[in-house]
Amino acid sequence: MATAYALAAPRNLLKIAIVGHVDHGKSTLVGRLLNDTDSLPAGKVDAVAEMCKRRGMPFEWAFVTDALRAERDQGITIDASHIRFSDAVRDYVLIDAPGHREFLKNMISGAAGCDAALVVIDADEGVREQSRRHGYLLHLLGVRQIAVAVTKMDTVDFDAARFGRIESDFRRLLEELGIELSAIVPVSGRDGDNIATRSAKTPWYHGPTVLEAAAAFEPMPEPVELPLRIPVQDVYKFDTRRIIAGRVESGRISVGDEIVFSPSNHVVKVKSLEGWNKESPIAFAEAGEPVGITLEDQVFVERGELISHVAQAPMETNVFRARLFWLGDAPLAAGKRYTLKLGAIEAVVDVEKVERVVDTADLVAANTDAVPRDAVADVILRSSSMLALDPATVNPRTGRFVLADGYDIVGGGLIDMDGYPDQRALITQRATNITSVENTVTDQMRMARNGHRGGVLWFTGLSGAGKSTLAVELERRLFQKGYQVYVLDGDNLRGGLNANLGFSPEDRAENIRRVGEVAALFARAGFVVLTAFISPYRTDRERARDAVGNDQFHEVYVSASLDVCEGRDPKGLYQRARTGEIPDFTGISAPYETPEACEVELNTGKLDVPESMEKLVAYVEKHFPYDGDS
Amino acid sequence: MTPLDALESQSIYILREAHSRIDRLAMLWSLGKDSNVMVWLARKAFFGHVPFPVMHVDTEKKFPEMYDFRTRYAEEWNLKLTVRTCPPVEEMDPTLPPAARSAARKTAGLNGLIAEQQLTGVIAGIRRDEEGTRAKERVFSPRGEGNVWDFRNQPPEFWDQFRTDLPPGCHLRVHPLLHWSELDVWRYIKRENIPIVDLYYARDGKRYRSLGDKDITFPVDSNASTIDEIIAELETTDVAERSGRAMDHEAEDAFERLRVGGYM
């Protein structure tokens, strides 16, 4: 039936996976369903008829769905194809998921994320290995509404007894998995029996047609009622705003909420929810919606952290049990190492143990150490880093993951935390222990002895801007005035602590991270630390600010222009960078990200060294005094 | 969430993943309705900014209205625009039918641009409902050596975990509109008030439903001169969207061959 519905009011879309064994008539069923609901473009049936005639074969409904020539030649569906049709109530997308064992990964790609599934079983062959496998995988993928079409009923003369046997076989299989069968329908694709219209050839059947069974499915609701979970997808600084970007996977977030980032455990308030082309400010966002969050206080967070409310935080662990389905050509085994992807987390995991392997075809569990392709297994995975997650039964969105081996995604799994502790408490305990050690000599006592506070002046700017010159001169002046002061630069760090680091982007980031940590220790020991590094990336400088503490960290932007710096070129580096001899040179072939909110800016193109010194010394005397009671 | 909100959310998620995971990323802007929606979604995803270059692979045979549109909105939307002119038709595979051979220029232009800019990711506005081979696509679709699409061996893609790592010499096509329909696109254009080229609106009983090169793109019969009328027309039509695109219909597999070779 063609449909006319309200203008500009899109209707709900229900996603149904059509799954079944090769040759069981899946594509034929889809082709027929499209035709009988008037969902095919004009001329499509004629074109297929013409093509069949040209190839000297009888008309095939399956060709309507199997668009690729390669498929037509082989007669099997290669990939999940997405096809739309409508009834009077809503729109549907049929995801034609292939049944052939070779293409299981395509079946999974098609069926994951569907609201429901229609499993196709051949009346002549009955429930076979592949049907069992598909039932089991649908269960693991989280598809809970399943109906069955028993196809090719014409080849068994619409035999009620045969249909009854298939029904009881498959119903029993799903019951073992805890799934209730929504409907099971006897159909014939060739004549359209019980697909869109009730067939006169099955007077013994009183259930729904395929179309009616589809209409009875419900869309899967977004988990608004579950606790808040937002994986941090990215942090943006395109303008003056620092926006944490992500998608609400469950629950709801509102402006003013106190949220915690796991596993870093930063607790901070939501200042605003940002949007673009919105009529009014956003007050809250719910499961399924994209968000951009700004925070009341600046804390250093990265992609991969999980946002929640403080009261209902996720578990933190570096070890968990998982039930996983394996798609890799090489078997999974204890001792192997993979990349875990869970929400926005990427972490290296080792397979600690294979507990049991289930053959999805006969559903028999076996004790073996290796998990072959297409099998399902219970395994223990251990990560080198702390992970924030939920058991899959508690929150499906944050309780599922995939594994990658090299470039390839090779499996998916559901997390089971039975018997494993939440390690959040352990982490907090350790932090407390460390603080108590420092308590005997307090910051107060150090300040009293030194006569000033500790802290960091972080000089940043292009090569040749004058960072080291200013830092060394400032060190001399402050030392003369009785300050505990020390310069950290490439010379004293790269020679020892950072001797193992080169100049790749990763090594540079690690270099700056260590500088930040060392500066933090010196500052805590009461020193005024002067660091002189190009430190071109805001992210790196912010991480250093976070390590030191915002009130002790003072960013000094030495802002001479590229022309001025290149004109000075004291070490001849710019010249070598211009000829390409030095790759990734800041300002020439690598970016310098200007500070957004530095505490001090010195344009050494305009100020000479004494003028700069005057400003710096005045700044230190204003911000580092010890006045006896603070 | 409304159905349009759900589509928008999924597209934003995909664009943010691409921006986060792919180093050398660019977006294709064909000046058609879908790619305008795509640029718009990027501005939503990145809060008013488009953080990657926007590329027009130019056959120099587009309609004049399209070039005017490009000039105006590249500036208004603050896009980092790169225009790349395609090589001449004489350099294309002579075994392709004429219109497909002409369309292959676009593939050659794009492949040249990918090599020259060393791109590891290209965002393209294709949709599953447009055409059979596009229905088979992944959201993050790897292209191997020589930019070939190996549709028989595509990576698994589920639970919004995409394959984002590739060996050197390969790149990813990212398809943020894959799950949209033609009607969804028009409803979204209406809701968001997104500018489009006037050629989509009927004049003298004809309008363009899909915009390509002017010599191989033909208008369809229509009196739809507003977005509402276009939506009403699409709700009842049974004419395929790309019926006016000659290269799709010359031979059974012409479009499939174009796509395997790197066409969008």
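In what follows, chains are A, B, ... by sequence order, proteins preceding strands, each numbered from 1.
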Side chains of [X] and [Y], heavy atoms from C-beta outward: is any pair under 4.5 Å?
| X | Y | result |
| --- | --- | --- |
| A:Asp234 | B:His19 | yes |
| A:Ile108 | B:Pro156 | no |
| B:Pro155 | A:Ile409 | no |

Rounded distance (nearest 0.5 Å) linking atom [atom1] of [X] with atom [atom2] of [Y]:
| X | Y | atom1 | atom2 | value |
| --- | --- | --- | --- | --- |
| B:Glu157 | A:Lys105 | CD | NZ | 12.0 Å |
| A:Gln233 | B:Ser20 | CD | OG | 7.0 Å |
| A:Asp91 | B:Ser181 | CG | OG | 7.5 Å |
| B:Asn193 | A:Asn277 | CG | CG | 8.5 Å |
| B:Lys44 | A:Trp276 | NZ | CH2 | 7.5 Å |

Problem - Contact class of B:Arg21 relative to chain A, heavy atoms under 4.5 angstrom - result: side chain

Practice task
Please state whether the side chain, the backbone, both or neither of B:Trp186 comes within less than 4.5 Å of a heavy atom of chain A.
Solution key: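 Neither part.
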
Practice task
Return the set of residues passing side-chain contact (heavy atoms from CB on, under 4.5 Å) with B:Lys206 (not counting sequence neighbours), or none when no residue passes.
Solution key: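 Result, side-chain contact (heavy atoms from CB on, under 4.5 Å) vs B:Lys206: B:Pro219, B:Asp221.
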
Fill in the blank from the handout: Between B:Phe158 and A:Ala112, the two heavy atoms sitting closest are CB-CB, 3.5 Å

Practice task
Using a heavy-atom cutoff of under 4.5 Å, enumerate the residues of residues 161-173 of chain B that contact chain A, numbered in order, or state 'none'.
Solution key: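 Expected list: B:Gln161, B:Phe162, B:Arg163, B:Thr164, B:Asp165, B:Leu166, B:Pro167, B:Pro168.
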
Practice task
Please name the residue in the list A:Lys341, A:Arg397, A:Arg247, A:Glu249 that meets the side-chain contact (heavy atoms from CB on, under 4.5 Å) test with B:Asp160.
Solution key: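 Of the listed residues A:Lys341, A:Arg397, A:Arg247, A:Glu249, the side-chain contact (heavy atoms from CB on, under 4.5 Å) partner of B:Asp160 is A:Arg247.
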
Handout entry: Region of A:Val224 that comes under 4.5 Å of a non-hydrogen atom in chain B
Key =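 Contact with chain B is absent: no heavy atom of A:Val224 under 4.5 Å.
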
Problem - Part of A:Glu286 within contact of chain B (heavy atom distance under 4.5 Å) - result: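 Neither part; nothing is under 4.5 Å.
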
Exercise for the section: Evaluate the side-chain contact (heavy atoms from CB on, under 4.5 Å) criterion for residues A:Asn106 and B:Arg138: first the C-alpha distance (whole Å), next the side-chain angles of each, then the deciding distance (0.1 Å), finally the verdict. Expected result: CA-CA 10 Å; A:Asn106 295 335; B:Arg138 293 288 192 257; 2.7 Å; yes

Problem - Contact winner vs chain A - B:Arg16, B:Met1, B:Gln10, B:Glu8, heavy-atom pairs under 4.5 Å - result: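 Among B:Arg16, B:Met1, B:Gln10, B:Glu8, the one with the most close pairs to chain A is B:Arg16.
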
Handout entry: Part of residues 236-243 of chain A lying next to chain B, heavy-atom separation under 4.5 Å
Key =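 From residues 236-243 of chain A, the residues near chain B are A:Tyr236, A:Phe238, A:Asp239, A:Arg241, A:Ile243.
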
Handout entry: For B:Phe47, all residues meeting ring pair (Phe, Tyr, Trp, His ring centres under 6.0 Å), sequence neighbours excluded
Key = none

Exercise for the section: Against chain B, work out which of A:Ala287, A:Ala245, A:Gly113, A:Gly142 has the most heavy-atom pairs shorter than 4.5 Å and name it. Expected result: A:Ala245

